[in-house]
Structure formats: C-alpha cells, structure tokens
Amino acid sequence: MPARPTTIDVAGFTFDALVAGPDDGEVVLLLHGFPQSAAMWHSQLEALAGAGYRAVAFDQRGYSPAARPAAVDQYRIGHLVADALAVGGPEPFHVVGHDWGAVVGWHLAARYPERIRTLAALSVPHPLAFATALASPASDQRSQSSYIGFFRMGDVAEEVLLGGGLEVMLAASGYPGDIDERVAAMSEPGALTGALNWYRAIDFDLVRGVHGITVPTLYVWSTGDVALAREGAEATARHVDGPYRFEVLQGVSHWIPEEVPEELNRLLLEHLSAQ
C-alpha cells in the first residue's frame, strides 16, 4: 500500500508528510533524524499500512520549508515534542523514531505516557543513558559525538557541509541511500540551517523529566553505528520501567531503516502486535 503525500497544519506551520494505511487504523508516527526526511520511512510506511496501521511520517521542524522558524530557540525539545503530539492526533498513538526522531520519541513516552501506545527508538539511546556514556572515560561516546560541537558553530558548519562535508560524512557513516539527493535537499535555502538548529538548541531540557519510561518500548541499536557507543545502548534498560525489548543488529550502520528494512519491519510489527 503506497504512501501518499499530504500536508499537515500545526500552530501556524505546514508540515510535508507521507501517509499510508486505513483511516481507522491505529496511528504509527514515524520521526526521522538528521539529515533526512519522511521519505526515509518508505519501506516502513508500506509494511505498517499493510498490517492495518495508519502510518504517518512528516518532515519535522526545520525540514519542511513552511515549518522553518529562524530563531534557534524555536528548535528546543519542547517545540519538537509539541509538533509530534499535534501531528500524531488526539487519540493515543505509536511512535517510531530514528536518530533525533528517537530523542523526540523518548520525550514523548516520558512526558505524555497517556498519549503514547508504544515506543520504538532506533539508534539513539535513552537521553540519560546517552549522557552517562558521554561522561564516561571508558566510553568512546565523547569522541563519537565530537561532530556536535562543530554542528553548533553558526555559518561555519553550513559552509563546510555544503562545500562537500555532508557528502563525505554520509559516505563515511555507511549511508545506504542516495547521497546526492540528501545533499541537494539540504542545499535548498534555509534547509541545512533548520536541521542544524536542532543541535544548536540543545540544552538541559534534553535530560529533564525523562526517567522511568513506562510505555512498552523497543530499542534497536546497531554495532556499526559510528555515532552511538555500546555503553549508552546497554545502559538504556536502567531507564525503562515498562515492558522493554533491546535488539542489537550486528554489522549494521547507523542507517537502520534503509539498510535492513525487512528486519526492522519484522521487529516493529512484532513489537506493535505484542501490546
């Protein structure tokens, strides 16, 4: 069942989105990360729709051209979570998030458990587990996260990334998709700045109020991820009080949904059907 493009209006913004599945199906909200878009979920949209779910993926704040505020503080986690809640709709829904989308997912599950049926987080561990790994001298997480400081540098990051750096970064990380397409999308006016503003808006709210996840949670981490260390992945269980499943994909890169779509689809459908 192919996804169809649509737009969703939220609080003065218009988000580009892809929707698949029956109107009366349980909503599964799919949240992308950097530097991607809703299109990364092509395989998952079809699989979820085929199983009777209403799958919704949207280009998040900064990625949709009509949802690209200029101020950095408009990209703080509270705004990103509010966008997802509004797009997900008034009834409880499932959340699947990759990379930054996983961060938003962790916050949705922690802050609004009454709105979230289940959470599936891909790649990025629980925020407190990530912080623990980042602070640990025994972990490689600090060196693996060194790019974040660069991303937070205004103008400099845009110049380097659009001057070939983004292409190099994607290739080095094992990106299995069309690199030229991603570079072209991020080269549109304001697109890369909007995406980088997620990093520039990082503050302590990322680790506030997120302990003790109670919704049924699936966390998928891959051993070939150049950005996320094992320590944070393994520590995530300490912060989930509800039903929890941890899956490790051997030899798979950071880009789980595109690299191993069939395996991920199987895990997601098992996770959703078990609740």
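Computed from a predicted structure; not experimentally measured.
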Taking atom types as modelled, is there a side-chain donor on [X] or [Y] under 3.5 Å from an acceptor on the other?
X: Thr214; Y: Asp241; answer: no
X: Gln60; Y: Gln36; answer: no
X: Asn265; Y: Ser43; answer: yes
X: Trp255; Y: Ser173; answer: yes
X: His94; Y: Thr118; answer: yes

Any side-chain heavy atom of [X] sitting closer than 4.5 Å to one from [Y]?
X: Val96; Y: Leu31; result: no
X: Val10; Y: Val87; result: yes
X: Val95; Y: Val28; result: no
X: Ile116; Y: Phe93; result: yes

Any salt bridge (Lys or Arg N to Asp or Glu O under 4.0 Å) involving residues 115-137? Give me the pairs, sequence neighbours left out, ordered by first then second residue.
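Listed by first then second residue: Glu26-Arg117.
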Give, for atom [atom1] of [X] and atom [atom2] of [Y], the distance between the pair rounded to the nearest 0.5 Å.
X: Leu18; Y: Thr6; atom1: CG; atom2: OG1; result: 9.0 Å
X: Ile148; Y: Arg142; atom1: CD1; atom2: CZ; result: 12.0 Å
X: Phe130; Y: Leu206; atom1: CZ; atom2: CG; result: 9.5 Å
X: Gln250; Y: Thr223; atom1: CD; atom2: OG1; result: 4.5 Å
X: Leu196; Y: Met186; atom1: CG; atom2: CE; result: 8.5 Å
X: Tyr244; Y: Leu119; atom1: OH; atom2: CG; result: 10.0 Å

Identify which one of Trp100, Tyr63, Phe58, Trp41 satisfies the ring-ring contact (aromatic ring centres under 6.0 Å, His included) criterion when paired with His32.
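With His32 as partner, Trp100, Tyr63, Phe58, Trp41 yield a single ring-ring contact (aromatic ring centres under 6.0 Å, His included), made by Tyr63.
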Have a look at Phe34 and tell me which of Tyr147, Trp198, Phe151 forms a ring-ring contact (aromatic ring centres under 6.0 Å, His included) with it.
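With Phe34 as partner, Tyr147, Trp198, Phe151 yield a single ring-ring contact (aromatic ring centres under 6.0 Å, His included), made by Phe151.
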Which atom names give the shortest non-hydrogen contact between Pro2 and Ala20, and what distance separates them?
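Looking at all heavy atoms of both residues, the shortest contact is O-CB, 4.2 Å.
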For residues 152-171, which residue pairs qualify under side chain to side chain donor-acceptor pair (under 3.5 Å), counting only residues two or more places apart or in two chains?
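Every pair satisfying side chain to side chain donor-acceptor pair (under 3.5 Å) with a residue in residues 152-171: Glu158-Thr193, Glu158-Arg200.
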Go through the steps for Leu249 and Trp221 under the test side-chain contact (heavy atoms from CB on, under 4.5 Å), then give the verdict.
CA-CA 6 Å; Leu249 303 180; Trp221 175 76; over 6 Å; no
Inspect the surroundings of CD in Glu262 and state if more than 12 heavy atoms from other residues, nucleotides or ligands are less than 6.0 Å away.
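At most 12 heavy atoms, drawn from other residues, nucleotides or ligands, come within 6.0 Å of this atom.
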Keeping [X] on the side-chain end and [Y] on the backbone end, is there a donor-acceptor pair under 3.5 Å?
X: Asp59; Y: Ala38; result: yes
X: Arg245; Y: Pro216; result: no
X: Arg61; Y: Gln74; result: yes
X: Thr217; Y: Val215; result: yes
X: Ser222; Y: Val252; result: yes
X: Arg54; Y: Val27; result: no

Suppose we call two aromatic rings close when their centres sit under 6.0 Å apart. Are Tyr75 and Tyr199 close by that rule?
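No, ring centres 6.0 Å or more apart.
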Those residues that, when tested against His126, pass ring pair (Phe, Tyr, Trp, His ring centres under 6.0 Å) (two or more places apart)
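His126 satisfies ring pair (Phe, Tyr, Trp, His ring centres under 6.0 Å) with Trp106, His239 only.
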Which of these, Glu231, Gln144, Arg230, sits in a side-chain hydrogen bond (donor to acceptor under 3.5 Å, both in side chains) with Ser139?
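Single pass found, and it is Glu231.
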Should Ser123 and Asp99 be marked as a side chain to side chain donor-acceptor pair (under 3.5 Å) after you check the CA-CA gap, both sets of side-chain angles, and the distance that decides it?
CA-CA 6 Å; Ser123 301; Asp99 190 77; over 6 Å; no
